[in-house]
Amino acid sequence: MSETPPNTLQYRFDGPEDAPVLILGPSLGTTWHMWDRQIPELTKQWRVFRFDLPGHGGAPAHPAASVADLATRLLATLEALGVHRFGYAGCALGGAVGIELALRHPERLASLALIAASPRFGTADEFRQRGVIVRTNGLDPIARSAPERWFTGGFAAAQPAITEWAVQMVRTTDPGCYIAACEALASFDVRAGLGSVGVPTLVLVGSEDQVTGPAEARTLVAGIPDARLAVVPGASHLVPVEQPAAVTDLLVRHFSTAWQPSPENATGHVVLPAAAPAAPVAVAPQPTPVAAIAPAAAPPQAQGAPDAYDAGIKVRREVLGDAHVDRILERTDAFSEDFQELVTRYAWGEVWNRPGLDRRTRSCVTLTALVAGGHLDELAVHTRAALRNGLTPDEIKEVLLQAAVYCGVPAASRAFRVAQQVVREETTPPE
């Protein structure tokens, strides 16, 4: 275990001190214990380094603003330990960190495994909506729904202890760090850069994964030049827990055969002090399925750098949501396209993107202006945007009360009806 300053991560080591270092990265809402069943076999060849995400597993609650921030903290932790080169396997958000390392620091990676990963995790709206639910209701609704996202129904029914472990793992996460991680995933999109991943890569996915399933895995394999696909039958999103033997076997085979030596022919490890072992979570062994490994397709063409309009559309999507912006763009024709470009380039690319006010403050100003103008359709859109930008329902209520004094009670009364409906829709936990 380690003392953890804000710019580093909580970690632990297992395995021989003189072995090459293999890093295991966790999924959102989990701790390093999700890898407990892989440790006995992996430590026969590697010194295994596991880390917790900020606010997860008792780690200090220093929220990370982006996947790049998490990768930077991981590298700072490794630098302090003298670890310069390593293999890396990550699940979901941990996989995103692995892609970030491969793109920004390829000289550090000997080999890469991406599990239940994607170059873009769903839509930004989905993760920002999850953040709104946590901000309003806490983590309990997310914790209760975790087993159905992570495991197949048969596994969850047959393994109640593991199911409860999963619920408690999410429930004990720091809410602010969970929301920040959702924001990090909302802004993560490396589809255009996959062709630059230059290390041997195993892409591993559960056949029943409904979160980042085989389709997302094939996108990774198609984009990464030296990638292979392994589909594990009978497993969902948290495949290292649900099918530990299959995952362990695939990781051992991949890292044993695809480990690239560093240019200096170094092993990538230094002698490190032994860490006190943590109590493993009891995870029942499962039958080992056979997972087929297939070669990659040709990589996609890289896209050019975004221009000023692209910067505006990015902010517009982050604030208003993909679904809303897509509807507007679908309705755009030759008559309205110049207006939409004006709005995107100047309202969103210039004003909303200025550093002088944060987005929470801009949402407060926008809500007040819309109440004053009686623009109720836009008020509904921007109430949703305010929730995504971090305002709580109580803070939105205070803005509308302030507007009632300066814009008039009738205008505020109509605004309250609109905002009340939006808040109910956006903050109701899923069934």
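Please read all numbers here as calculations on a predicted model, not as lab measurements. The residues of the chain are indexed from 1 along the displayed sequence. Quick note: numbers below take in every heavy atom, side chains included, and nothing from hydrogens, waters or symmetry partners.
The salt bridge (Lys or Arg N to Asp or Glu O under 4.0 Å) test with Asp322 singles out one residue from Arg120, Arg388, Arg327, and that residue is Arg120. The side-chain hydrogen bond (donor to acceptor under 3.5 Å, both in side chains) test with Tyr178 singles out one residue from Arg130, Glu183, His56, and that residue is Arg130.
Ring geometry, Trp348 versus Trp352: the interplanar angle falls under 30°, so the pair is classed parallel (tilted spans 30 to 60°).
Judged purely by distance below 3.5 Å, without hydrogens or angles, the side chains of Arg149 and Ser145 pair a donor atom with an acceptor atom. For the 3.5 Å distance criterion, the side chains of Glu398 and Gln402 fail to qualify, holding no donor opposite an acceptor. At a cut-off of 3.5 Å, with distance as the only test, a side-chain donor of Thr344 or Arg316 sits close to an acceptor on the other residue.
Counting heavy atoms of neighbouring residues, nucleotides and ligands inside a 6.0 Å radius, atom CD of Gln210 does not exceed 12 of them. A 6.0 Å sphere centred on CG of Asp377 holds no more than 12 heavy atoms belonging to other residues, nucleotides or ligands.
The residues Arg317 and Asp326 are annotated as salt-bridged, a charged nitrogen and a carboxylate oxygen being separated by less than 4.0 angstrom. Contact check on Arg191 versus Asp189 returns a salt bridge, with a Lys/Arg side-chain nitrogen under 4.0 Å from an Asp/Glu carboxylate oxygen.
Both the sub-6.0 Å distance and the 45° axial angle are not jointly satisfied by Arg50 relative to the ring of Phe13.
For Glu126, there are no side-chain hydrogen bond (donor to acceptor under 3.5 Å, both in side chains) partners at least two apart in sequence or on another chain.
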